[in-house]
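A short write-up of the structure that comes next.
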2 protein chains.
Amino acid sequence: MPQTPSPSKREQLIHTALTLFSRYGFHATGIDLIAKESGVTKRTLYAHFGSKDELVVATLRHLDEQLRSYFLKHTNGACEDPKQRLLSVFDAAGFWFSEDNFFGCTFINAIGEYAESNDSIRQVCSEYKRLSREWIKGLCEQAGAPNPQQLSDELSLILEGAIVTAQVSPQLDAAAIAKRAATALVEQALKDA
Amino acid sequence: MPQTPSPSKREQLIHTALTLFSRYGFHATGIDLIAKESGVTKRTLYAHFGSKDELVVATLRHLDEQLRSYFLKHTNGACEDPKQRLLSVFDAAGFWFSEDNFFGCTFINAIGEYAESNDSIRQVCSEYKRLSREWIKGLCEQAGAPNPQQLSDELSLILEGAIVTAQVSPQLDAAAIAKRAATALVEQALKDA
DNA sequence: ACCAAAGTATACAGATCAGTGTACTTTGAA
DNA sequence: TTCAAAGTACACTGATCTGTATACTTTGGT
């Protein structure tokens, strides 16, 4: 009816799949449910994705883009000072944790379910984490850290810990704890510069 | 045949289940396989555990004991100096990560699969993490930290990050990165004392 | 030697799973 | 207006899943 095409079925399917996979897990989410929730027949789903594993990979790739742009948006405009910008990564994480549809890191959950059975799924997850580390390394360089590799390794690990802590122990303010630890490490690193 | 009773079927089932759940995930591991690998009939399995969810909970409780005693053993005798003992937590983590049957934190994997569908499973996971934090807090107190709660919150979060990093990015030496960050935080905390 | 508890063997129920076959309908652009 | 691509509707396959029924056998303590 409308000349402007509605969001393609493909996008709709990925969006629905991401929601269900994140909330209920991968094996626990059936193809039939994803199709029904997307308002699409199973036949159409299989026209776009040859198998469930392919849909999982496409969904994780979409999450990769979505999550990295989320962090970019919530940190780039946050502050002019490069040190504050680096630390605002953990404020962005705090926003993320407080969202209704936060169920931990879906990449980690995917690894837990598919590590031994599907290499391409594992690869997408590792790649996201690698790009994430690279981005933080860039922020460390901008902040003038003398050893940006070392600092970003530590801050990335702290970010991972914050995500998991927010998932498993939601009564803790994981983002705040992480930011406090990160602040100490950053200030010590910059003092040496 | 032997008068010394072989390890009970119950223990055998839990041991097998832990191995398979950790390696392949929970939903991906069927009851039939667990029974067969345990050398036990499915009927016997259901005599010990009323349902798969009950077996999952029992398995996680067993892992709770196993994992905490593992860390106790690898840190208590490690060093007399309480500060070094605190930091040796990350050496113990390094040993764990290098084991063949390390597939990340099975508690975190369980949360990812069951968070929205089974409260008791979620509870066992949260409880393990809480006890783990309490134990680290005790080590912080022994080391003379002026604010052991704050320091242990940060170190626990770093430990979580190390576990996840070791799982997702095995090419990194997550334990070493974590220990370096932890050392900086501990020394700064003790300097204030 | 007896007997109850525990385990075996095996078939089965009922649900759900991923994925397919077939015939029909809508859509949008040339 | 025509026509091919995309989607629908729906039944269906074969595998696998959790959990159960039934009848038999082993085991260990008294």
Side-chain angles (χ1 to χ4, degrees), chain A residues 1-21 23-60 109-110 112-114 116-121, chain B residues 1-21 23-60 109-110 112-114 116-121:
Chain A
M1 208 86 72
Q3 255 168 336
T4 49
S6 60
S8 81
K9 307 282 180 183
R10 189 168 199 280
E11 290 169 24
Q12 176 62 47
L13 281 162
I14 288 179
H15 178 263
T16 305
L18 179 56
T19 301
L20 294 173
F21 287 153
R23 180 181 292 261
Y24 301 109
F26 292 86
H27 286 89
T29 302
I31 288 288
D32 295 80
L33 180 61
I34 295 169
K36 175 180 279 185
E37 292 277 301
S38 303
V40 151
T41 57
K42 198 157 49 158
R43 214 75 184 85
T44 301
L45 188 154
Y46 277 101
H48 283 283
F49 309 97
S51 67
K52 183 178 181 178
D53 279 13
E54 272 186 35
L55 173 59
V56 170
V57 169
T59 301
L60 291 175
N109 297 343
E113 293 202 42
Y114 289 107
E116 289 293 293
S117 66
N118 190 308
D119 265 351
S120 59
I121 289 174
Chain B
M1 207 87 72
Q3 257 170 337
T4 50
S6 60
S8 81
K9 306 283 179 183
R10 189 170 199 278
E11 289 169 24
Q12 176 62 46
L13 280 162
I14 287 179
H15 178 263
T16 306
L18 179 57
T19 301
L20 294 173
F21 285 154
R23 182 181 290 263
Y24 301 108
F26 292 86
H27 286 90
T29 302
I31 288 288
D32 295 80
L33 180 61
I34 296 169
K36 175 180 279 184
E37 293 277 301
S38 303
V40 150
T41 56
K42 199 159 47 158
R43 213 73 182 88
T44 301
L45 188 154
Y46 276 102
H48 283 284
F49 309 97
S51 67
K52 182 177 182 179
D53 279 13
E54 272 185 35
L55 173 59
V56 170
V57 169
T59 301
L60 292 175
N109 297 343
E113 293 203 42
Y114 289 106
E116 290 292 293
S117 65
N118 190 310
D119 265 350
S120 58
I121 290 174

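Proteins get letters first, then strands, A, B, ... in listed order; numbering begins at 1 in each.
Listed by first then second residue, pairs satisfying ring pair (Phe, Tyr, Trp, His ring centres under 6.0 Å) with a partner in residues 26-56 of chain A read A/F21-A/F26, A/F26-A/Y114, A/H27-A/Y114, not counting sequence neighbours.
Shown here for A/E113 and A/S117, the closest heavy-atom pair between the two residues is O-OG, 4.3 Å. What you find for B/K9 and B/G39 is that their closest heavy atoms are NZ-O, 4.4 Å. Considering all non-hydrogen atoms of both residues, B/S120 and B/N118 come closest at OG-OD1, 2.8 Å. Residues B/L20 and B/T29 approach most closely at O-OG1, 3.4 Å, considering heavy atoms.
The side chain of A/K9 sits closest to D/dG7 out of C/dG19, C/dT8, D/dG7.
Note: NE2 (A/H27) to P (D/dT16) measures 13 Å, nearest angstrom. One can place CD of B/Q12 at 12 Å from P of C/dG7, the figure rounded to the nearest angstrom. Rounded to whole angstrom, the span from the CG atom of B/D53 across to the C1' atom of D/dT18 amounts to 10 Å. In this structure, B/K52 atom NZ and C/dT16 atom C1' are separated by 13 Å, rounded to whole Å. Following rounding to the nearest Å, B/Y24 (OH) and D/dC17 (P) show an atom-to-atom distance of 13 Å. Computed from coordinates, the B/E54 CD to D/dT18 C1' distance equals 13 Å when rounded to whole Å. Summarising the geometry, the separation between OH on A/Y46 and C1' on C/dT22 is reported as 18 Å, rounded to the nearest angstrom. When the P atom of D/dC10 is taken as reference, atom CD1 of A/I31 falls 20 Å away, rounded to whole Å.
Residues B/T19 and B/H15 have side chains in contact (heavy-atom distance under 4.5 Å, counting atoms from C-beta outward).
Of the residues in residues 32-45 of chain B, B/D32, B/K42, B/R43 come within less than 4.0 Å of DNA chain D through at least one heavy atom, sorted by number.
When the side-chain nitrogen and oxygen atoms of B/H48 are compared with OP1 and OP2 of C/dA6, none of them lie within a distance under 4.0 Å.
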